[in-house]
Q: 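Following this message is one structure expressed as structure tokens.
From a predicted model like this one, the values you see are computed outputs, not experimental measurements. Chain A is the first sequence line, chain B the second, and so forth, proteins listed ahead of strands; every chain is numbered from 1.
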Number of protein chains: 2
Amino acid sequence: MSSAAKTLQLLSFFSATRPEIGLSALCRLAKRDKATTHRHLQALEEAGFVEQNPLTRQYRLGPAFLQLAQVREQTVPRKESAVPVLKALAEETGETTHASVLSGSTVFALASCESTQHSTRVVIDLDKFPLHATASGLSILAFGPSDLMEIATANLKTFTSYTIKSKASLEDAVQSVRETGFGRTIRSFEDEVSSLAAPVFDKTGNLAGAISVACVATRFSPDLERKCQEHLIAASRDLTRGWGGTVPDQVEAVWAATLKNSNALDPIS
Amino acid sequence: MSSAAKTLQLLSFFSATRPEIGLSALCRLAKRDKATTHRHLQALEEAGFVEQNPLTRQYRLGPAFLQLAQVREQTVPRKESAVPVLKALAEETGETTHASVLSGSTVFALASCESTQHSTRVVIDLDKFPLHATASGLSILAFGPSDLMEIATANLKTFTSYTIKSKASLEDAVQSVRETGFGRTIRSFEDEVSSLAAPVFDKTGNLAGAISVACVATRFSPDLERKCQEHLIAASRDLTRGWGGTVPDQVEAVWAATLKNSNALDPIS
DNA sequence: AACCACTGGTTCAAATAATGAACCGATCAA
DNA sequence: TTGATCGGTTCATTATTTGAACCAGTGGTT
């Protein structure tokens, strides 16, 4: 590990829950020498990446990040960071993938990617995802702002015979998403499509959008679902990271539980 | 210069106007070896501080900054409280406003706001303010830690024909800031810009940064200066308050004296 | 007041990791 | 083909990083 890498690693110990760290504490966290850590901190301080609280002498993240984050946002808008994640997800699952962003109370399509693995594949060309009828919409209802539920129930448009039609069944569906961490729809938007989606979060820790896999319904087996779940988790983490956030622990927990359950049901794995 | 410092320095070459840089270009900018620079970039990439554009292979700032900027703002919420103050100040004066923070011995740009009142306005895109050549820098020299003076005199870079060039004239300028409470520069950083700045303090009672108005030089009349002074006082009080501090009585006193003098000179107001 | 346990910070010989000229393979233009 | 880029890699040389031991200061206990 290079000296630069060690220096940079120190920054990763700062978080919202541990915003200020003293020299000795940081040595323990990083399992490194005091002299070394001190020199590393001085290099970081010079660059504006950390500063010392003049009262407590503890170190905290510096103001340089505000500037650099601004440049990053100007350099890489959200769509661009979604594309590689969607590509990877499409390749891994062999199905079509979508990313969407919540803006106000509308779920906008951001980008999508078709897998080349199968000759039949899902091609959905929409720019707004209905909240009640898509896996992405359900994910966003489950983990997004609570006032969305009202808007969703006011717009229960029917797309197929499977589309959710009542407020009660929508609430059930959303509750199930909260418990599993995945939005899930079977033929509810298009007759031949079943989807699985995961929420994506941004730097404010709020829900920012969703990422989904749209499967040809006849291919949507428990095995495929399991595979989609695994890769959706990775994809959501990646995209959340690309948008500057971290997946909330609570969501990670329900994902872990869901995967465990599906393991239990499937004695092979 | 430590290897870590060299690595970190690479990041400073990225900006809104130069968001992506290739390996060779970065070597030229940093005046360093290609192998070395490449290794440094790899360390940065591993930490998420840079990433490569998969198409062009050029490097750009990474997503880690979004997270770390978020943590920084949660730790020391400065930018958030500065924005409305800058906005108000820009509106009141009709000129561009800046806020900066002192970290270590560097003055970082925090945020800025352009007035919509005039069609010609000052647009300054820098991330570090030179201590000797900007109104903000002079304010910080005047009311900040005394060891800054050494650093400033060691870095008397010339920007325009008006830029302060000698230790003696810098000391004079700083003394004048102490007496008036305002940093003041006439065309000293950019040829067409004259600025006025006031110090901002934090909860420890120490200087934390500065707030400034950058005027198109040809508009910088005594009337406008007077107006800027009045509103800068209010803005500095607001921002200091937003950062949990209070403006020291001694600074308030020199402000009051300055306003009184300019009243005496200007019988109209 | 003496003692202890803890800070943050510094020193210097020993050891390790950074360095850069030269090199490779690709790409592009003339 | 040639030449001038580009990004990336190699390895002997060299300079930098390293950490045990050391200060100095602080707050709590005996």
Side-chain angles (χ1 to χ4, degrees), chain A residues 1-14 18-62 75-76 80 84, chain B residues 1-14 18-62 75-76 102-106 145-148 150-151 202-206:
Chain A
M1 193 182 213
S2 74
S3 145
K6 284 183 213 158
T7 304
L8 293 170
Q9 202 211 338
L10 292 179
L11 295 170
S12 68
F13 295 107
F14 295 89
R18 205 202 285 117
E20 299 201 339
I21 310 178
L23 175 59
S24 300
L26 197 52
C27 290
R28 283 190 295 270
L29 285 167
K31 286 165 188 160
R32 291 215 213 96
D33 186 83
K34 198 163 47 162
T36 304
T37 305
H38 183 244
R39 267 189 314 262
H40 289 170
L41 282 168
Q42 282 188 317
L44 289 170
E45 187 164 24
E46 196 137 332
F49 288 149
V50 301
E51 64 181 16
Q52 260 184 306
N53 183 329
L55 288 174
T56 61
R57 279 182 155 186
Q58 293 204 308
Y59 292 89
R60 64 187 176 205
L61 295 182
T75 310
V76 187
E80 208 176 328
Chain B
M1 193 182 212
S2 75
S3 144
K6 285 182 212 160
T7 303
L8 293 171
Q9 201 212 338
L10 292 179
L11 295 170
S12 68
F13 295 107
F14 295 89
R18 205 203 286 116
E20 299 200 339
I21 311 177
L23 175 59
S24 301
L26 198 52
C27 290
R28 283 190 294 270
L29 285 167
K31 287 163 190 162
R32 289 213 214 96
D33 186 82
K34 199 162 47 163
T36 306
T37 305
H38 183 244
R39 261 177 282 117
H40 288 169
L41 282 168
Q42 282 186 318
L44 288 170
E45 187 163 25
E46 196 138 333
F49 286 147
V50 301
E51 63 182 17
Q52 260 185 305
N53 183 329
L55 288 174
T56 63
R57 279 181 154 186
Q58 292 205 307
Y59 292 88
R60 63 188 176 204
L61 295 183
T75 312
V76 186
L102 174 67
S103 178
S105 57
T106 310
S146 52
D147 56 348
L148 285 179
E150 248 179 81
I151 291 150
D202 68 11
K203 62 183 168 191
T204 67
N206 295 321

Q: Quick one: side-chain contact (heavy atoms from CB on, under 4.5 Å) partners of A:S3, sequence neighbours excluded?
A: A:T7, A:H40, B:S3, B:A4
Q: Here's a test of your reading of the structure: between A:R39 and A:R57, which maps to the more 5' nucleotide of DNA chain C?
A: A:R57
Q: I need the CD-P distance between A:Q58 and C:dT7, as an integer number of Å.
A: 11 Å
Q: Between A:R18 and A:F13 (side chain of the first, backbone of the second, donor and acceptor by atom type, cut-off under 3.5 Å), is there such a pair?
A: yes
Q: Which pairs pass salt bridge (Lys or Arg N to Asp or Glu O under 4.0 Å) with one or both residues in residues 21-37 of chain B, sequence neighbours excluded?
A: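 Non-adjacent pairs meeting salt bridge (Lys or Arg N to Asp or Glu O under 4.0 Å): zero.
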Q: To the closest 0.5 Å, what do you measure between CG (A:L10) and OG1 (A:T37)?
A: 6.0 Å
Q: Can you see if the side chain of A:H38 gets near the phosphate of C:dT10 - specifically, an N or O under 4.0 Å from OP1 or OP2?
A: yes
Q: Which residue pairs pass the salt bridge (Lys or Arg N to Asp or Glu O under 4.0 Å) test with at least one member in residues 40-56 of chain A, sequence neighbours excluded?
A: A:E51-A:R60, A:E51-B:R72
Q: Taking 5' to 3' order, which nucleotide of DNA chain D is first and which is last to have an atom within less than 4.0 Å of a heavy atom in chain B?
A: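 Range of nucleotides within reach of chain B: D:dC6 to D:dT17.
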Q: Summarise protein proximity over nucleotides 21-30 of chain C in one line of letters, 5' to 3': B for base, S for sugar-phosphate only, - for none, counting protein heavy atoms closer than 4.0 Å.
A: B---------
Q: Whole-Å distance between C:dT19 P and B:K31 NZ?
A: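 Rounded to the whole Å, the gap is 18 Å.
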Q: B:T56: which residues meet the side-chain contact (heavy atoms from CB on, under 4.5 Å) condition with it, sequence neighbours left out?
A: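 Testing B:T56 for side-chain contact (heavy atoms from CB on, under 4.5 Å), a comparison that skips the adjacent residues, returns B:E20, B:N53, B:Q58.
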Q: Working to the nearest 0.5 angstrom, can you tell me the gap between A:L8 CG and B:L11 CG?
A: 8.0 Å
Q: Near DNA chain D, counting only heavy atoms under 4.0 Å, which residues of residues 2-11 of chain B show up?
A: B:S2, B:S3
Q: Only counting residues at least two apart or in another chain, list the ones meeting ring-ring contact (aromatic ring centres under 6.0 Å, His included) with B:Y59.
A: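 Result, ring-ring contact (aromatic ring centres under 6.0 Å, His included) vs B:Y59: none returned.
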Q: Does B:R32 or A:I21 map to a spot on DNA chain C nearer the 5' end, using the closest nucleotide for each?
A: A:I21
Q: To the closest 0.5 Å, what do you measure between CG (B:L44) and OG (A:S2)?
A: 9.0 Å
Q: Run the side-chain contact (heavy atoms from CB on, under 4.5 Å) test against B:P145 and tell me which residues pass, sequence neighbours left out.
A: B:L102, B:D147, B:L148
Q: Does a side-chain N or O from A:Y59 land closer than 4.0 Å to OP1 or OP2 of C:dT7, or not?
A: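 No, no such contact exists.
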Q: Closer than 4.0 Å, any side-chain N/O of A:S24 to the OP1 or OP2 of C:dG8?
A: yes
Q: Got B:I21 and B:L29 here, is their nearest side-chain heavy-atom distance under 4.5 Å?
A: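 B:I21 reaches B:L29 side chain to side chain.
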Q: Closest heavy-atom contact between B:F14 and B:P19?
A: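 Minimum heavy-atom separation between B:F14 and B:P19: CD2-O, 3.4 Å.
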Q: Quick one: pull up OG1 in B:T36 and NZ in B:K6 and give me the separation to the nearest 0.5 Å.
A: 7.5 Å
Q: At less than 4.0 Å, is any side-chain N or O atom of B:H40 found next to OP1 or OP2 of C:dA18? Yes or no.
A: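 Answer no for this pair, as no side-chain N or O of B:H40 is under 4.0 Å from OP1 or OP2.
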Q: Report yes if at least one side-chain N or O of A:Q52 is closer than 4.0 Å to OP1 or OP2 of C:dG9; otherwise report no.
A: yes
Q: To the nearest 10°, let me know how far the axis at one end of the helix from C:dA1-D:dT30 to C:dA30-D:dT1 is tilted from the axis at the other, five pairs an end.
A: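 It comes to 30° between the two terminal axes.
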